[in-house]
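Accompanying notes for the structure given below.
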Amino acid sequence: MKKILTVLMAAILVMALAAQPAAEEPAQIANPWSTVADAAEAKEKTGLTMSALPEGAADASYSVLEEDKIAQVIFTWNGDEYTFRMAPGTQENLAGMYVEFDTTEEMSWEDYPYTISYTEGKEGMSEWHDTLADATYTVTMSGGATKEKLAEVSEALIPAG
């Protein structure tokens, strides 16, 4: 009797599992960034001139948010990964970093004022606005940020904008 009951329960379980609808694929949000080949194609899609990266930069990967006319390049320089973005006009939080930084400092290089914000050894960002080009720029690090690294990469990129 126990064997019959066990077999019957197993059969009911198999039928119940078979009757379950197949699990649906989870909905995914489309990536709004479109990969482009280089700075020239980024300019073609956004109208923004993104010229030279710092000397020695490697593994550059360009992309655009064509609708918003935002260009970005992710690159490695001196062993750290950076994301450099530019957009027309004045942009709020172009970097897209929603982090409370430990330190924020106003800096300047030649005629360009810029602001760096960072948590030592963690995330960091630098941002500036070029009034002649009427464009906003940011460069970010997701780890390893220091005042010196952010100042150095900013000063290498400011003339590029």
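Computed from a predicted model, the values in this text were never measured in an experiment.
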Using 0.5 Å steps for rounding, measure from the [atom1] atom of [X] to the [atom2] atom of [Y].
X	Y	atom1	atom2	answer
Ser126	Leu157	OG	CG	8.5 Å
Glu41	Tyr62	CD	OH	11.5 Å
Tyr118	Met125	OH	CE	14.0 Å
Leu65	Arg85	CG	CZ	7.5 Å
Trp109	Ile158	CH2	CD1	6.5 Å
Ser61	Asp38	OG	CG	11.5 Å

- Yes or no on side-chain contact (heavy atoms from CB on, under 4.5 Å) for Asp130 and Tyr137, after CA distance, side-chain angles and deciding distance? CA-CA 8 Å; Asp130 184 329; Tyr137 303 84; 3.6 Å; yes
- Hey, could you give me each pair passing side chain to side chain donor-acceptor pair (under 3.5 Å) that has a residue in residues 143-153? Not counting sequence neighbours.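 Every pair satisfying side chain to side chain donor-acceptor pair (under 3.5 Å) with a residue in residues 143-153: Asp80-Lys149, Glu105-Lys147.
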For a 4.5 angstrom cut-off between non-hydrogen side-chain atoms, does [X] reach [Y]?
X	Y	value
Ile70	Leu94	yes
Tyr114	Val139	no
Phe101	Val99	yes
Ile116	Thr104	no

- Message: For Asn93, give me all partners under side-chain contact (heavy atoms from CB on, under 4.5 Å), at least two apart in sequence or on another chain.
- Response: Ala95, Tyr98
- Before giving the answer on side-chain contact (heavy atoms from CB on, under 4.5 Å), spell out for Met50 and Val73 the whole-Å C-alpha distance, their side-chain angles and the decisive distance to 0.1 Å. CA-CA 9 Å; Met50 182 179 279; Val73 58; 3.6 Å; yes
- Would Tyr112 and Glu155 satisfy side-chain contact (heavy atoms from CB on, under 4.5 Å), going step by step from the backbone distance to the final call? CA-CA 9 Å; Tyr112 290 92; Glu155 292 170 12; over 6 Å; no
Atom of [X], atom of [Y] and distance for their closest heavy-atom approach:
X	Y	result
Ser63	Trp33	OG-CE3, 3.6 Å
Pro113	Asp111	CD-O, 3.3 Å
Leu150	Met141	CD2-SD, 3.9 Å

- Donor-acceptor side-chain pairing of Thr138 and Glu127 below 3.5 angstrom: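 No, no side-chain donor-acceptor pair sits under 3.5 Å.
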- Query: Going by atom types only, do Glu81 and Thr76 share a side-chain donor-acceptor pair under 3.5 Å?
  - Reply: no
- Task: Assess whether atom CG of Asp134 is packed by more than 12 heavy atoms of other residues, nucleotides or ligands within 6.0 Å.
- Result: yes
- Message: So if I apply the side-chain contact (heavy atoms from CB on, under 4.5 Å) rule between Val36 and each of Gln72, Lys45, Lys43, which one comes out positive?
- Response: Lys45
- Task: For His129 and Ala135, indicate whether the former's side chain and the latter's backbone hold a donor-acceptor pair under 3.5 Å.
- Result: yes
- Determine, step by step, whether Glu106 and Thr115 satisfy the side chain to side chain donor-acceptor pair (under 3.5 Å) criterion, reporting the C-alpha distance in whole Å, the side-chain angles of both residues, the deciding distance to 0.1 Å, and the verdict. CA-CA 5 Å; Glu106 299 298 322; Thr115 303; 2.9 Å; yes
- Message: Quick one, Val153 with Phe75, criterion side-chain contact (heavy atoms from CB on, under 4.5 Å). Give me CA distance, side-chain angles, the key distance, then yes/no.
- Response: CA-CA 11 Å; Val153 74; Phe75 63 95; 4.1 Å; yes
